[in-house]
Amino acid sequence: MEPGLGSYLALSGILFSIGAVGVIYKRNAIGMFMCIELMLNAVNLSFVAFSRHYGDVTGQLFVFVVMSVAAAEAAVGLGIIITFFRNRLSVDVDDASILKN
Amino acid sequence: MEFESVVQTVFPFAVIAVAIFLAFNGVLMIVAYTVLAERKVLGWIQGRIGPNRVGPWGVLQPFADLLKFIFKEDLVPDKSTKFIYYLAPLVALTAALMPIIVYPFGPSIKADLSEWLPYGLGETFSHIPLVIADLDVGILYVLAITSVGVYGIALAGWSSNSKYSLMGGLRSSAQMISYELAMGASVIGVVLLSGTLSLTGIIDAQIHSPWWSKWFIVPQFVGFMVFLIAAFAETNRVPFDLPEAETELVAGFHTEYSALKFALFFMAEYVNMFTVSVMCVTLFLGGWYIPGLDWLARQTDLVWLFGAGTVGYAVVSHVGFLLKIFAFLFLYIWIRGTLPRFRFDQLMNFGWKFLLPVALANVILTVIVVFFWHR
Amino acid sequence: MVSVLFFILAGLAIACAVSCVYHKNPLYSAVSLIGVFISLACIYLTLAAPFIAIVQILVYAGAIMVLVVFVIMLLNLDEDKPLTRLRYLFPIGGVLGLVLLAQTLFIFYAVTKTPHTSSEQGNVVGQSMSIGRAMYTEYLLPVEIVGILLLMAIVGAMIMSRRMGEPNLEAVEGSREGGD
């Protein structure tokens with residue numbers, strides 16, 4: 001017996017919400033980055049579940065694109081974090097206030 | 001009837017479980033004797049005798065070492081991050097062992113087992129492939145699991161809470177990230193030539209290639225060299241053993257590990273050596289395939305014993321496969337006895353500025369050749 | 001059989017996700033997130049998508065998270081500082097999360113009502129051959145765009161993390177004290 005489309009989508013929704021809450025709660029930039037990755041993964045799960053449901057390869061192609069974008073995001077995002085740490089000696093997003101006054 | 005269906009469902013799983021058990025234990029046995037061989041060969045290179053006290057010629061030395069590891073005191077650093085400290089050696093050994101299940105270690109055997117197996121299971125097993133899981137994406141699986149192996153070292157370095165461990169862990173992560181790229185790029189040439197990602201498919205492609213290139217080492221010599229160098233770096237062996245450079249970093253990432261946890265790291269290193277050698281043999285040296293064996297059997301009227309698909313053919317091929325692997329393991333030890341260590345900046349420059357461009361040029365050249373070949 | 005496997009893996013994924021959000025130590029979060037990725041890869045295998053499953057481990061667990069762990073080790077980050085400002089907004093965040101969850105589940109519930117047009121070729125779809133064919137025929141343009149995006153990311157990351165002279169730490173410290 002296989003679980004239906006609904007259970008996969010429910011799991012995807014739960015993971016997405018956990019990731020969203022994490023982005024709100026996390027203070028350091030790396031933590032927020034990881035929660036964004038979690039949200040992207042939740043979306044990937046729903047793509048693969050739909051791809052299986054409809055027997056169509058398009059969903060898996062989208063997952064591939066999302067993964068590539070996530071990789072690009074990791075490269076640029078971590079570059080920003082390292083530069084930020086080098087300038088402010090912290091990765092807390094509250095310290096990213098150089099334009100404040 | 002109920003019992004029959006249960007047997008039909010459970011039997012394949014049981015076969016796979018037994019196969020995995022045998023494969024893992026066989027590999028660990030080979031690994032134990034690789035350690036002994038390394039000490040013996042290093043001794044021979046340096047004009048010493050090597051271990052020779054435990055059993056004749058020291059053949060029981062691995063078991064003596066294991067006993068010693070078990071009975072040593074297990075020290076845990078006080079300020080370490082406990083959970084990750086315990087997790088790291090497990091990750092290292094698991095990631096080292098997992099690739100073994102996709103390597104084909106012999107040709108498939110045509111067997112008539114209908115007399116031996118009840119409930120029509122003989123028909124299911126009329127064709128025994130000597131591979132545990134024939135994945136459609138075998139190469140990617142191996143690369144993925146190898147890349148997970150970095151965590152074992154990185155987390156060990158971080159959780160020990162010691163500056164030598166941290167330095168070793170950092171160096172190792174940087175090194176493995178750098179050389180993984182070159183390794184992946186050198187594999188693409190083989191994938192392009194064979195047109196598949198499955199390891200059995202790659203061996204098939206080598207069997208069916210023209211007579212002058214029965215092994216992919218001929219058309220892909222550059223890829224082979226890049227793969228070999230990257231493999232040395234991936235397994236942290238001399239001349240790329242910076243993560244555990246004992247003259248600079250005490251023992252690198254496993255400085256704070258003792259007893260069985262250290263033994264797990266030690267085994268993981270040698271299992272990694274073994275699996276990378278198997279990968280190299282499968283991709284570039286035809287895996288279990290010995291060119292001309294089938295032909296020779298037909299010439300000498302021994303088809304019933306050594307023809308393709310018989311047990312004899314499988315046994316001879318498997319022995320050939322093991323010999324190729326042992327040749328690579330010997331190469332590892334030989335180089336350890338010969339070459340000095342790189343400096344860290346030399347290592348990074350070599351990986352990024354020489355190895356990766358060469359691998360990419362090889363990919364582009366292969367693409368062009370394959371494109372015109374197929375027109 | 002697959003159902004039991006799914007529920008075990010789903011439980012594992014949710015537990016790891018919660019632990020990723022809960023832990024203050026960034027390295028614990030990273031390890032939990034790797035757990036999520038690996039359990040999701042196993043779920044993809046039950047969905048007959050082996051290629052995506054392996055690429056998931058290769059890209060997320062093998063590349064992105066290695067970079068993250070590397071950066072955490074490199075910067076030697078300690079635990080998150082406790083929140084001092086805007087503390088009263090914490091429960092509101094939780095409520096917003098629940099609302100989001102309800103919305104997502106409602107949308108997905110509505111979607112599951114759509115007709116089921118699954119074809120017989122379900123097991124072929126996940127193989128690398130069909131994905132490769134789709135990638136280089138029907139979806140060639142998106143793949144090219146993704147390639148250009150990755151190139152831009154490489155160049156961008158290199159420019160961003162290039163050391164432009166030594167960082168002037170005294171000035172930074174001074175501005176921080178002045179700013180706060």
Side-chain angles (χ1 to χ4, degrees), chain B residues 9-10 13 81-85 87-88 91 94-95 98 102 133-161 163 165-178 180-181 184 191 195-198 201 253 352, chain C residues 1 5 16 19 23-35 37-38 41-42 44-45 48-79 123-133 136 150 154 158:
Chain B
T9 326
V10 169
F13 285 102
T81 318
K82 289 289 180 308
F83 176 66
I84 296 181
Y85 180 80
L87 187 71
V91 171
T94 312
M98 269 177 74
V102 292
D134 184 14
L135 277 190
D136 172 50
V137 283
I139 288 188
L140 287 183
Y141 171 80
V142 174
L143 289 178
I145 299 297
T146 342
S147 63
V148 171
V150 186
Y151 291 119
I153 293 173
L155 295 181
W158 190 85
S159 65
S160 297
N161 202 19
K163 60 184 163 230
S165 300
L166 186 64
M167 283 296 291
L170 266 178
R171 280 185 179 190
S172 134
S173 329
Q175 172 179 334
M176 286 176 123
I177 296 170
S178 314
E180 237 165 49
L181 285 174
V191 174
T196 171
L197 288 168
S198 138
F253 63 89
W352 287 101
Chain C
M1 181 80 192
L5 211 58
C16 287
S19 128
H23 275 293
K24 295 269 186 251
N25 190 327
L27 202 73
Y28 274 133
S29 296
V31 171
S32 320
L33 195 56
I34 296 164
F37 291 159
I38 289 176
C42 297
Y44 294 160
L45 282 182
F51 183 76
I52 292 296
I54 300 294
V55 171
Q56 161 96 2
I57 293 184
L58 192 65
V59 173
Y60 275 115
I64 296 180
M65 289 316 288
V66 169
L67 269 184
V68 169
V69 169
F70 188 72
V71 167
I72 293 173
M73 283 167 66
L74 192 72
L75 305 184
N76 211 357
L77 298 177
D78 6 318
E79 311 216 328
N123 283 324
V124 192
V125 162
Q127 304 285 315
S128 46
M129 184 72 101
S130 62
I131 291 182
R133 188 159 286 145
Y136 287 101
L150 283 175
I154 293 172
M158 282 172 75

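Note that the structure is predicted; figures quoted are calculated from it, not measured. A note on names: the letters A, B, ... follow the listed sequences, proteins ahead of strands, and every chain is numbered from 1.
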Asks: Do B:Y151 side-chain atoms and C:A61 backbone N/O form a donor-acceptor pair below 3.5 Å?
Replies: yes
Asks: Could you tell me which portion of C:L74 (side chain, backbone, both or neither) has an atom closer than 4.5 angstrom to a non-hydrogen atom of chain B?
Replies: both
Asks: Keeping C:Y60 on the side-chain end and C:A41 on the backbone end, is there a donor-acceptor pair under 3.5 Å?
Replies: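 No, C:Y60 side chain to C:A41 backbone: no donor-acceptor pair under 3.5 Å.
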Asks: Output all residues satisfying side chain to side chain contact (heavy atoms under 4.5 Å, CB included) with C:M73, sequence neighbours left out; order by chain, then residue number.
Replies: B:A154, B:W158, B:L166, B:L170, C:V69
Asks: Counting heavy-atom pairs under 4.5 Å with chain C, which one of B:L135, B:L143, B:V137 comes out on top?
Replies: B:V137
Asks: Can you sort out the partners of C:I72 under side chain to side chain contact (heavy atoms under 4.5 Å, CB included), two or more places apart, ordered by chain and number?
Replies: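 Result, side chain to side chain contact (heavy atoms under 4.5 Å, CB included) vs C:I72: A:I30, C:P26, C:L27, C:A30, C:V68, C:L77.
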Asks: Given that the side chain runs from C-beta out, which part of C:V66 has a heavy atom under 4.5 Å from chain B: side chain, backbone, both or neither?
Replies: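 For C:V66, the contact with chain B is made by backbone and side chain together.
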